[in-house]
Amino acid sequence: MKFLLPRVFYLVARLLHASYRYEFQGREHLDAARRLGGKGYLFAIWHQNLFAGILAQTGQRHTVIVSRSRSGDPVAYTCTRLGHHVARGSSRRNHRDKGGKEARDEMIEMLQTGLPGAVTVDGPNGPPHEVKPGIIDMARCTGIPVVPYLALPVRYWSFRSWDRFRLPKPFTRVRVIYGTPIVVPPDTTFEEFPRYAAAITEALHGLERQLGAASTASVIRNPGAGETG
């Protein structure tokens, strides 16, 4: 079962991906990010939009961090099969900090080669829609701009999970939008991180408003499993 689940997850993901119709907006912001950093870009995405976000980049290689926990295995396997470079932290509680640092260092090394990256800024366990400092630190260390990123299906199931995880329904349209790049200067202090976290948060909320999505708060506060569309 340990080895079967990731393969089943990947096959289901490929079947769903083949049924989706993608619409892209804001590609000029990717070009701007490349000009600013000279080494690509670093996507910032909410964990609840991870599934659509991964599939929308099929054919475009990125580097991503995935937990070494068993629940992360299907995501890591799928990302690898789709051609992405996966950096993984430790699943052992007493080694969590060391494993996380190793994954971060590996991702920074890959970003510096010019490979774009993607980070679920509130993952892997929340709180939901709260930007953690990791992406800000990586942007500061590499000089690579952060690009707010949203892949939002028109019709989706919303799960009773900490992030109200969104699974696009088969044959739905997935709207993909890239936001204005956010540059974190190399001399940024840790005390300044909250300012950039707030900027990323507002940018991601702004992308949802731009696409006319339901408010984030109404989705997060809904205590039961639900669906939209």
Side-chain angles (χ1 to χ4, degrees), residues 1-3 5-10 12-13 42-57 62-82 84-111 115-139 141 146-153 156-168 193-194 196-197 200-201 203-205 207-208 216 219-222 225:
M1 182 63 67
K2 176 182 177 181
F3 300 103
L5 180 59
R7 288 160 175 78
V8 171
F9 184 90
Y10 168 71
V12 171
L42 188 55
F43 281 145
I45 183 173
W46 294 134
H47 193 276
Q48 70 179 163
N49 300 316
L50 177 62
F51 189 83
I54 291 173
L55 294 183
Q57 298 302 316
H62 291 75
T63 182
V64 297
I65 291 179
V66 179
S67 169
R68 277 198 181 274
S69 65
R70 182 171 298 180
S71 62
D73 289 346
V75 176
Y77 181 83
T78 297
C79 287
T80 300
R81 288 295 302 269
L82 292 175
H84 302 299
H85 176 86
V86 177
R88 304 198 70 180
S90 172
S91 61
R92 296 177 60 182
R93 187 177 299 273
N94 59 336
H95 286 174
R96 181 176 297 171
D97 293 340
K98 180 180 178 181
K101 183 179 185 302
E102 289 174 351
R104 166 193 171 276
D105 291 347
E106 181 180 349
M107 185 159 184
I108 286 176
E109 182 179 346
M110 296 304 298
L111 290 170
L115 185 66
V119 175
T120 52
V121 291
D122 56 347
N125 298 310
H129 291 201
E130 182 176 304
V131 176
K132 296 181 178 179
I135 190 171
I136 302 167
D137 190 35
M138 285 187 279
C141 291
V146 174
V147 175
Y149 172 50
L150 173 65
L152 185 67
Y156 59 88
W157 290 289
S158 181
F159 286 82
R160 191 183 300 173
S161 58
W162 66 265
D163 61 345
R164 305 296 296 168
F165 193 82
R166 293 165 171 169
L167 178 64
F193 277 27
Y196 289 97
I200 295 170
T201 299
L204 288 170
H205 289 332
L207 294 182
E208 294 224 11
T216 301
V219 174
I220 294 298
R221 286 200 294 263
N222 184 349

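Just so it is clear, the structure is predicted and the values come from calculations on it, not from any experiment. All residue numbers refer to positions in the sequence shown, counting from 1.
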- prompt: Should Gln57 and Tyr149 be marked as a side chain to side chain donor-acceptor pair (under 3.5 Å) after you check the CA-CA gap, both sets of side-chain angles, and the distance that decides it?
  reply: CA-CA 11 Å; Gln57 298 302 316; Tyr149 172 50; 3.0 Å; yes
What's the spacing between [X] [atom1] and [Y] [atom2] if we round to 0.5 Å?
X	Y	atom1	atom2	result
Trp46	Leu152	CH2	CG	14.0 Å
Leu115	Glu109	CG	CD	11.5 Å
Leu167	Gln48	CG	CD	12.5 Å
Thr63	Met138	OG1	CE	9.0 Å
Asp105	Cys141	CG	SG	9.0 Å
Phe165	Leu50	CZ	CG	5.5 Å

query: Checking side-chain contact (heavy atoms from CB on, under 4.5 Å) for the pair Val64/Met110: CA distance, chi angles, key distance, verdict?
result: CA-CA 10 Å; Val64 297; Met110 296 304 298; over 6 Å; no
- prompt: Parallel, tilted or perpendicular: which describes the rings of Trp162 and His47, with under 30° parallel and over 60° perpendicular?
  reply: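 Because their plane-to-plane angle lies in the 30° to 60° range, the rings of Trp162 and His47 count as tilted.
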Whether His205 and His129 hold their rings parallel, tilted or perpendicular, with breakpoints at 30° and 60°: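 The rings of His205 and His129 sit tilted, inter-plane angle from 30° to 60°.
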Derivation of the salt bridge (charged side-chain N to carboxylate O under 4.0 Å, His left out) call for Asp137 and Lys132: CA-CA 10 Å; Asp137 190 35; Lys132 296 181 178 179; over 6 Å; no
query: Is a side-chain donor or acceptor of Arg166 paired with a backbone partner of Ser158 at a separation under 3.5 angstrom?
result: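 Pair absent, no side-chain N/O of Arg166 close to backbone of Ser158.
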Given side chains that start at C-beta, do those of [X] and [Y] come closer than 4.5 Å, heavy atoms only?
X	Y	answer
Val66	His84	no
Arg7	Tyr77	yes
Val121	Leu204	yes
Thr120	Asp163	no
Leu150	Asn49	yes

message: Between Ile135 and Leu42, is the side-chain contact (heavy atoms from CB on, under 4.5 Å) condition met? List the steps.
response: CA-CA 8 Å; Ile135 190 171; Leu42 188 55; 3.6 Å; yes
Where [X] and [Y] come nearest, the two heavy atoms and their spacing:
X	Y	answer
Ala151	Ala56	CB-CB, 4.4 Å
Leu111	Gly117	CD2-N, 3.6 Å
Ala197	Ile136	N-CD1, 3.6 Å
Thr78	Ala13	CG2-CB, 4.4 Å
Phe193	Pro133	CD2-CB, 3.7 Å
Val146	Ala139	CG2-CB, 3.7 Å

- request: Please report the C-alpha distance between Val75 and Ile54 in whole Å, then the side-chain angles of each, then the deciding distance to 0.1 Å, and finally whether the side-chain contact (heavy atoms from CB on, under 4.5 Å) criterion is met.
  value: CA-CA 9 Å; Val75 176; Ile54 291 173; 4.1 Å; yes
- request: Walk me through it: do Arg104 and Val119 pass the test side-chain contact (heavy atoms from CB on, under 4.5 Å)?
  value: CA-CA 11 Å; Arg104 166 193 171 276; Val119 175; over 6 Å; no
